Amino acid sequence: MRPSLSAVLTGMVALAALLVTAPTAHAADPPLRDLAAAKNKAIGTAVTGSKLTGTYGEITAREFNWLTPGNAMKWGSVEPTRGTFDWTEADRIVDFAEAHGQDVRGHTLVWHSQNPNWLTNGTWPPAQLSQLMTDHIALEVGRYKGRLAAWDVVNEPFDEDGTYRETLWYDGLGADYIAQALTAARAADPAAKLYINDYNVEGVNAKSTALYNLVRDLKARGVPIDGVGLQAHLILGQVPSTLQQNIQRFADLGLDVAITELDIRMQLPATAAKLAQQRTEYDAVVKACVAVTRCTGVTVWGFTDSDSWIPDTFPGEGAATPYDENYVPKPAYYGIATGLGGTGTTPPPTPNGCAASYSVANQWNSGFTGNVTVRCDAGSSLSSWRVTWTFGAGQQVGQVWNASCAQTGAAVSCSNASWNGSVPSGGSATFGFNGTWSGSNPVPTVTLG
Ligand code: 9MR
């Protein structure tokens with residue numbers, strides 16, 4: 001019997017769908033640090049020393065070849081009381097890095113912020129201020145002599161218009177504090193690369209041109225300066241188009257350039273479209289560095305949204321880093337991988353083989369749609385699952401699909417539906433719900449149990 005026309009068409013559509021969705025074979029990507037090493041680049045992250053255990057420690061060790069202490073080496077952290085030092089956190093980070101074959105970027109010696117009160121509130125004649133600064137540098141750089149690859153010696157010396165920022169240092173010592181600090185750092189550790197680090201200097205603009213003129217003049221005068229740090233605290237949709245050109249002009253001065261504090265923040269909720277755009281932008285920033293030989297690498301300012309400064313500083317914004325609060329890699333992670341020459345198709349291992357992640361897919365006046373995905377690595381699987389979390393701001397789960405959920409107070413517990421309890425090796429299951437919120441709608445930490 002001849003098949004009917006409609007049966008033929010149905011068959012053709014099914015075949016076409018098969019051709020389109022058939023999985024393509026991709027070479028697996030190694031961890032980011034291996035991709036970076038193959039390009040002779042650094043891939044770094046800011047870290048909190050006290051968190052370097054468990055999953056946080058595993059990811060830090062596996063994915064990164066450079067670490068920057070986010071706060072641990074700042075003056076206010078190491079000498080909270082004059083003459084009384086606390087090196088615990090800083091030592092922990094340096095020890096961890098050495099144990100895992102990672103370089104450390106010291107951050108930071110001379111800054112206007114996060115200084116101890118005794119220093120900020122004191123009245124210091126210029127000679128004494130200069131002595132305090134150079135003694136501090138000699139002590140801290142000397143303590144880690146031979147162990148740190150680079151130092152952000154001076155942090156954020158400029159205002160947006162390219163004039164010097166009026167700080168304790170500038171007001172007391174004039175612009176010469178910068179040369180004094182660099183000279184003291186070189187004396188304390190001749191092997192460490194010395195940087196000036198600032199933000200909003202990623203593109204060509206008044207501030208980056210002031211930085212350019214400064215380092216050019218320092219070099220001409222023989223003041224020790226090895227590189228500039230472009231912090232790169234960026235906003236989604238606003239990656240400067242002149243980034244690579246700007247990196248190149250510093251490189252052409254004979255200086256190294258590092259992207260030192262990359263994050264790309266967005267208005268919450270983080271929708272799939274925004275996260276996809278963020279992936280493209282992470283890829284573009286990394287590629288701009290890879291394209292310039294003297295760009296040494298890229299450091300992200302915290303690798304997980306649970307360890308990012310953004311939500312506290314910019315209420316309503318966040319999702320700025322490559323991993324979510326549950327240590328599940330976001331599209332941005334794959335953007336870094338492709339930026340470093342990887343395929344961007346290989347999920348990195350998940351802690352314990354399987355994990356759950358939560359995202360707000362959509363949000364309006366008083367409602368939102370949440371999505372939760374349970375994912376297993378190759379070699380791990382589940383026959384049933386339960387995901388729990390605690391809402392932080394009075395949110396309430398309403399209609400649920402592809403799971404059944406119960407909420408008691410702030411505590412939510414969701415179990416698989418009859419048809420999606422089994423998560424195969426390398427596979428995933430997703431469920432969703434509509435909820436209500438008011439005031440704020442923070443993403444909770446979810447647990448797979
Ligand atoms: O990540 C740091 C955060 O934990 C601190 O609260 C904050 C205080 O200013 O400093 C953050 O790190 C800054 C870095 O040292 C210099 N560039 C800007 C970073 C974000 O503020």
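The model shown is predicted, which means the values in this text are computed figures rather than measured ones. Just so you know, ligand 1 is whichever comes first in the structure, and atom 1 is the first atom listed for that ligand.
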Quiz item: Under the side chain to side chain contact (heavy atoms under 4.5 Å, CB included) test, which residues partner V446, sequence neighbours left out?
Solution: N326, A356, Y358, V387, W389

Quiz item: Should the proximity of T313 to ligand 1, defined as any heavy atom under 4.0 Å, be assigned to the side chain, the backbone, both, or neither?
Solution: neither

Quiz item: Any idea which atoms of ligand 1 are less than 4.0 Å away from a heavy-atom of W111?
Solution: 9 (O), 15 (O), 16 (C)

Practice problem: Inspect the surroundings of CG in D161 and state if more than 12 heavy atoms from other residues, nucleotides or ligands are less than 6.0 Å away. | Solution: yes

Quiz item: Are any of the side-chain nitrogens in E63 or R33 under 4.0 Å away from the carboxylate oxygens of its partner?
Solution: no

Practice problem: Determine whether any heavy atom of W309 lies closer than 4.0 Å to an atom of ligand 1. | Solution: yes

Practice problem: Kindly identify the option in H233, Q114, E156, H107 whose heavy atom sits closest to atom 15 (O) of ligand 1. | Solution: H107

Self-check item: Exercise: identify the closest heavy-atom pair between W124 and L119
Solution: NE1-O, 2.9 Å

Self-check item: Numbering as shown, the atoms of ligand 1 that approach N155 to under 4.0 Å (heavy-atom distance)
Solution: 16 (C)

Quiz item: In the protein, which heavy atom is nearest to atom 1 (O) of ligand 1, and how far is it?
Solution: W301 NE1, 2.8 Å

Practice problem: Quick one: list whatever passes salt bridge (Lys or Arg N to Asp or Glu O under 4.0 Å) with D152, sequence neighbours left out. | Solution: R105

Quiz item: If you measure from each non-hydrogen atom of N71 to ligand 1, which part falls under 4.0 Å: side chain, backbone, both or neither?
Solution: side chain

Self-check item: Parallel, tilted or perpendicular, as decided by the 30° and 60° cut-offs, for the rings of H136 and W75
Solution: parallel

Quiz item: For atom 11 (C) of ligand 1, which candidate among K74, Q231, E261, H112 holds the nearest heavy atom?
Solution: K74

